[in-house]
Student: 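Have a look at this one.
Worth saying up front: this structure is predicted, and the values here are computed from it rather than measured. Letters A, B, ... mirror the listed sequences (proteins, then strands); counts begin at 1.
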There are 2 protein chains.
Amino acid sequence: MRKLRPQKRDNAASARGQEAVAAILTGARDVLVEEGYPRLTMRNVADRAGITVGNLSYYYANKEDLLHDLLEAVIQGYVEDFDRIATNFERSPEGRLEDMIRFVVGDLSTKETTGFFPALWALAIHDDFAASEMSHVYDIERDAFARVIAEMRPDLSKRDRDILALFISATIEGHTMFIGYGREKASAAEAIGNVAAYSLLSLVRNVDAATIRGLKLAAKVGGKRAAS
Amino acid sequence: MRKLRPQKRDNAASARGQEAVAAILTGARDVLVEEGYPRLTMRNVADRAGITVGNLSYYYANKEDLLHDLLEAVIQGYVEDFDRIATNFERSPEGRLEDMIRFVVGDLSTKETTGFFPALWALAIHDDFAASEMSHVYDIERDAFARVIAEMRPDLSKRDRDILALFISATIEGHTMFIGYGREKASAAEAIGNVAAYSLLSLVRNVDAATIRGLKLAAKVGGKRAAS
DNA sequence: TGTGATCTAGGACCTTTGTCCTACATGTTG
DNA sequence: CAACATGTAGGACAAAGGTCCTAGATCACA
């Protein structure tokens, strides 16, 4: 499970206070992941953190502040993890792209990711702060994909590379509800990882600008079985 | 916007009662879509339906019953729509697959779908009934994809065809949070539709069983630019 | 027409939840 | 040690929300 690095809070002046904030954020994340957003109440968070509501309100005067810090802290963990993977320059662009795809697909199966992201997506539709945090993490992810794509396909325009990066990111995320932790198709996770790696790598290698712009009908384009 | 066909309720004995139930479900859907699940309260639903809480409780004695009927009714609309598209036998399998892909991608941009499905996904993680309704609609969708895939690729095993159907469905759904109604990348919806059609059709045409089972490394597989 | 079935409004109720306050405990620093 | 900053517990409070009850309106039909 990722570490949560709390931002410095006004009311957490001592080391003890910092620990309390960390316990609060960890508790809040656990409630969100394990029980869902509707159960993310000040009292549930306080219980998980092993403190009282009164004490919780010393650190977080209102729920909105708590939610903001929680989203920031959790998102930050994902950003750091992904940055690390994306900057492994030992492999070829193709190899790195495959690593990234398999890393994200693998991550979907964790309890934290399966529990956190669908909640974030739902939240982001009606909450601007959640939407901006969501943008943050996916901007990072797409940037990383776009950089690898640029190496593989310098002939494509930046716009087209960005479309491909968006497609790859969205494609992978979409599997969360199906192959995520405890989900119905969790047993298909490995096969899905293989298909995703194959399909998305093939896409980046083979797509051309005219296709992205809709100048070719997909059903008309001839296909050959991939060379073995 | 899809019509909501309420199941017959015990307390809706007359035509007037049926209309009231329809108004309630429509109101409930609108609240869920426009304000999100946390605001789906009995009072908000009653207001949208133009009735009082007291009257609402005549039809739905508790919130759980209301939520169940709501999910069933909304899901049923999607099932019917999708069934209609999937059984258009005028076109070739490839053409039908492309139609289905473009239909689902296009549907993501509607306010209802963008608002409803992320809420459903989040709900399904902690609510068994929501999970079973979610299974229902996606089972139908995957079955339809799997049938077309079977026509295109009779050489693949049922398991492999099911994996491809799952991959296609999940891939498309994953774009909801990005290119959905009012979302940040909504302007990329058309290009994404093109890429999805191209990428997923190519996948079904070209993938082989060994790739799905992970016996080939994606980054090692050679690729050629698609024939124009 | 009137009588029972159906529907509706309004409000009461109890619980949950966010927020706030105060007194007390713990720690830190001169 | 004294004084002050920091942290903690417990409970009070109002608002919101789910549920329930009752009296009255509307409707269908004998």
Side-chain angles (χ1 to χ4, degrees), chain A residues 6-28 30-32 34-71 119 123 126-127 129-130, chain B residues 6-28 30-32 34-71 119 123 126-127 129-130:
Chain A
Q7 310 292 326
K8 262 209 181 139
R9 295 234 95 224
D10 298 349
N11 275 350
S14 69
R16 189 173 160 202
Q18 293 291 320
E19 280 170 33
V21 170
I24 290 167
L25 293 178
T26 301
D30 291 349
V31 172
L32 181 61
E34 291 173 19
E35 304 184 43
Y37 181 74
R39 291 211 123 84
L40 187 71
T41 67
M42 299 299 265
R43 282 167 180 82
N44 277 344
V45 171
D47 284 353
R48 290 257 186 178
I51 62 177
T52 61
V53 226
N55 194 11
L56 173 56
S57 77
Y58 173 77
Y59 293 101
Y60 291 98
N62 57 66
K63 190 181 175 180
E64 194 182 358
D65 285 355
L66 170 58
L67 179 63
H68 285 202
D69 262 24
L70 170 62
L71 295 183
L123 226 44
H126 306 290
D127 178 325
F129 183 84
Chain B
Q7 310 291 328
K8 261 207 179 141
R9 293 235 97 223
D10 297 349
N11 275 350
S14 69
R16 189 175 160 202
Q18 294 291 320
E19 280 170 32
V21 171
I24 289 167
L25 293 178
T26 301
D30 291 350
V31 172
L32 180 60
E34 291 172 19
E35 304 183 45
Y37 182 75
R39 290 213 126 82
L40 188 71
T41 67
M42 299 297 265
R43 284 168 178 81
N44 277 342
V45 171
D47 283 353
R48 289 258 185 177
I51 63 176
T52 61
V53 226
N55 195 11
L56 172 57
S57 77
Y58 174 76
Y59 293 100
Y60 291 98
N62 58 65
K63 190 182 175 180
E64 194 183 357
D65 285 356
L66 170 58
L67 180 63
H68 286 200
D69 261 26
L70 170 62
L71 295 183
L123 226 44
H126 304 105
D127 178 324
F129 183 83

Student: Would you kindly give the CG-to-P distance between N55(B) and dC21(D), to the nearest whole Å?
Tutor: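 Between P of dC21(D) and CG of N55(B): 17 Å.
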Student: Mind checking ring pair (Phe, Tyr, Trp, His ring centres under 6.0 Å) for Y58(A) and listing every partner two or more places apart, or none if nothing turns up?
Tutor: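 Checked Y58(A) against ring pair (Phe, Tyr, Trp, His ring centres under 6.0 Å); zero matches.
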Student: Report the distance from atom CD1 of I51(A) to atom P of dG10(D), rounded to the nearest whole Å.
Tutor: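 Taking CD1 of I51(A) and P of dG10(D), I get 12 Å after rounding.
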Student: Between L56(B) (CG) and dC7(C) (C1'), how many Å, whole number?
Tutor: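 Whole-Å distance recorded here is 13 Å.
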Student: The criterion is side chain to side chain donor-acceptor pair (under 3.5 Å); which residues satisfy it with E35(B), sequence neighbours excluded?
Tutor: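 Testing E35(B) for side chain to side chain donor-acceptor pair (under 3.5 Å), a comparison that skips the adjacent residues, returns R48(B).
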Student: A46(A): what forms a side chain to side chain contact (heavy atoms under 4.5 Å, CB included) with it, not counting sequence neighbours?
Tutor: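 A46(A) satisfies side chain to side chain contact (heavy atoms under 4.5 Å, CB included) with I51(A), L56(A) once adjacent residues are dropped.
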Student: With sequence neighbours excluded, tell me which residues meet side chain to side chain contact (heavy atoms under 4.5 Å, CB included) with T52(A).
Tutor: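 Checked T52(A) against side chain to side chain contact (heavy atoms under 4.5 Å, CB included); matches are N55(A).
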Student: With heavy atoms under 4.0 Å as the rule, sort T52(B) into base, sugar-phosphate or nothing.
Tutor: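 T52(B): base contact, heavy atoms under 4.0 Å.
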Student: Quick one: Y37(A) OH to dT17(C) P, roughly how many Å, whole number?
Tutor: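 It works out to 13 Å between those atoms.
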Student: Do V45(B) and K63(B) come close enough that some side-chain heavy atom pair is under 4.5 Å?
Tutor: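 Result no, sub-4.5 Å side-chain heavy-atom pair not found.
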Student: T26(B): which residues meet the side chain to side chain contact (heavy atoms under 4.5 Å, CB included) condition with it, sequence neighbours left out?
Tutor: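 Side chain to side chain contact (heavy atoms under 4.5 Å, CB included) list for T26(B), sorted by chain: L4(B), R29(B), D30(B).
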Student: For nucleotides 19-25 of chain C, read 5' to 3', which letter fits each nucleotide if B means a protein heavy atom sits under 4.0 Å from the base, S means only the sugar-phosphate is that close, and - means neither?
Tutor: BB-----
Student: Within the pair Y58(A) and dT8(D), is there a side-chain N or O less than 4.0 Å away from OP1 or OP2?
Tutor: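 For dT8(D), neither OP1 nor OP2 has a side-chain N or O of Y58(A) closer than 4.0 Å.
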